[in-house]
Protein chains: 2
Amino acid sequence: MINNNIYFQIELTARKIRRYGQNVLNSHGIDITIEQWLVLNVINENEYTNQIYVGEKLVKDKPTISRMVNHLEKKELIVKTTSAIDSRKVELSLSKKGKDLITNLYPIIENIRLTGLSKLSKNENESIETILKKIRENLGD
Amino acid sequence: MINNNIYFQIELTARKIRRYGQNVLNSHGIDITIEQWLVLNVINENEYTNQIYVGEKLVKDKPTISRMVNHLEKKELIVKTTSAIDSRKVELSLSKKGKDLITNLYPIIENIRLTGLSKLSKNENESIETILKKIRENLGD
DNA sequence: TTAAAATAGTTGTCTAGCTAACTATTTTAA
DNA sequence: TTAAAATAGTTAGCTAGACAACTATTTTAA
């Protein structure tokens, strides 16, 4: 039966998390997706980074990052400039609006995280990481 | 850091699984997506079921199922007829082509599953299920 | 020095997930 | 009996993931 399949449950849990997180953001009137938050966070931690770097951090491909960055730019949350040193590259930074948003977001995101992980023992917390990593490695890292 | 986040790892693992599985299907020249396989499988196990049922099994919403069913119909893998008893409902069944495909698919899918789960102890196998379920329940099942 | 290879990013095309709004039946309850 | 509510499915509009093919720079190696 499909529902007993671990793959199915991983995928299901991933969707559940995304949906839950998105609902929390929406309920706060925050007009970005969970995925866009991840991009904002990488840029916040690495000012003037480029799209390749963001993609490596989030393990997403170039077209996906390209489009997400455009969305964030359209929302005026980030600023995108061409690098003076290497004009193939783009330099990404947060706008004032983006910085303010991120400041507001951190506690909300932390809350989402804690909600999902409550009732998990320290041991469970550690072992799920190990197990997921093993699965990924089995599939060719 | 994002990459230590369990949510991120769950989502990453889900993507990894989907991509790996898709590549295996492609390498066998099988022209369906992993998600479409799940739908075929539900129909195979429940002949003349309807879209609501498929959606419940796979925890996907009506529009998603509607479109996937249309894709599978276009590929002539399933047959879709209106129920004589309740004309709101559709009756889904596998075509000959669909049945043949599923027969070929089962060992391939099983292989994908075993590849990812190799090196996992029985204990790890059980505990990941428990943990994922806890997370889903924490997020309001 | 210059042609080939590598790198950064974009565009196009497809599928899937999600929400909202819709049509068309069937069920229910006054 | 009939009007309201529930149910099944579709359509539209958006974002994201994946792949392929593309442009434009920069690096490299002959």
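Here is how names work: the chains are called A, B, and so on, in the same order as the sequence lines, proteins then strands, and each is numbered from 1.
Side-chain N or O atoms of B:Gln51 include none that pairs as donor or acceptor with a backbone N or O of B:Lys62 at under 3.5 Å. For the pair B:Lys75 (side chain) and B:Asp31 (backbone), a donor-acceptor distance under 3.5 Å is present.
Between B:Leu58 and A:Phe8, the closest side-chain pair of non-hydrogen atoms falls below 4.5 Å. For the pair B:Asn50/B:Ser83, no side-chain contact is recorded, criterion being any heavy-atom separation below 4.5 Å from C-beta on. No side-chain heavy atom of B:Glu124 sits under 4.5 Å from any side-chain heavy atom of B:Lys119. Put simply, the side chain of A:Ile10 reaches to within 4.5 Å of the side chain of A:Ile6, judged on heavy atoms.
Regarding B:Leu12, its CG atom lies at a distance of 15 Å from the C1' atom of D:dA16, rounded to whole Å. For B:Ile34 and D:dA18, the CD1 to C1' distance is 13 Å, given to the nearest whole Å. Here C:dT13 presents its C1' atom at 13 Å from CG of A:Asp61, a figure rounded to the nearest Å. We find that CD1 of A:Ile85 is positioned 14 Å from C1' of C:dA8, with the value rounded to whole Å. Summarising the geometry, the separation between CG on B:Asn50 and P on D:dT10 is reported as 11 Å, rounded to the nearest angstrom. The CD-P distance, from A:Glu91 to C:dG9, rounds to 10 Å in whole Å. A straight line from CD of A:Glu11 to P of C:dC18 spans 8 Å, rounded to a whole angstrom. As a whole-Å value, the separation of A:Arg19 CZ from D:dA16 C1' is 16 Å.
With sequence neighbours left out, A:Lys97 forms a side-chain hydrogen bond (donor to acceptor under 3.5 Å, both in side chains) with no residue at all. In this structure, B:Lys89 has no side-chain hydrogen bond (donor to acceptor under 3.5 Å, both in side chains) partners at least two apart in sequence or on a different chain. The side-chain hydrogen bond (donor to acceptor under 3.5 Å, both in side chains) search around B:Thr64 returns B:Asp61, not counting sequence neighbours.
Across all strands shown, A:Asn26 has no heavy atoms under 4.0 Å from either base or sugar-phosphate atoms. Note on B:Asp86: only backbone sugar-phosphate atoms sit closer than 4.0 angstrom, heavy atoms only; bases stay farther off. Using a 4.0 Å heavy-atom distance criterion, A:Thr33 is classed as a sugar-phosphate-only contact.
Of the residues in residues 65-76 of chain A, those lying under 4.0 Å from DNA chain C by heavy-atom distance are A:Ser66, A:Arg67.
The pair B:Glu126-B:Lys122 meets the salt-bridge criterion, with a side-chain N (NZ, NE, NH1 or NH2) lying under 4.0 Å from an Asp/Glu carboxylate O.
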Original post:
Can you give the dot-bracket line for DNA chain D, using ( ) for pairs inside the strand, [ ] for pairs that cross earlier ones, | for pairs with another strand and . for unpaired bases, where Watson-Crick and G-U count if both distances are under 3.5 Å?
Top reply: ||||||||||||||||||||||||||||||

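Between C:dA16 and B:Gln36, a contact under 4.0 Å exists linking OP1 or OP2 to a side-chain N or O. Between C:dT15 and B:Gln22, no contact under 4.0 Å exists linking OP1 or OP2 to a side-chain N or O. Distances shown here put a side-chain N or O of A:Lys80 below 4.0 Å from the OP1 or OP2 atom of C:dT10.
More than 12 heavy atoms of other shown residues, nucleotides or ligands fall within 6.0 angstrom of atom OH in A:Tyr106.
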Original post:
Checking side-chain contact (heavy atoms from CB on, under 4.5 Å) for the pair A:Leu117/B:Ile135: CA distance, chi angles, key distance, verdict?
Top reply: CA-CA 6 Å; A:Leu117 303 183; B:Ile135 292 174; 4.2 Å; yes

Short N/O separations, protein against nucleotides 21-24 of chain D, under 3.5 angstrom:
none

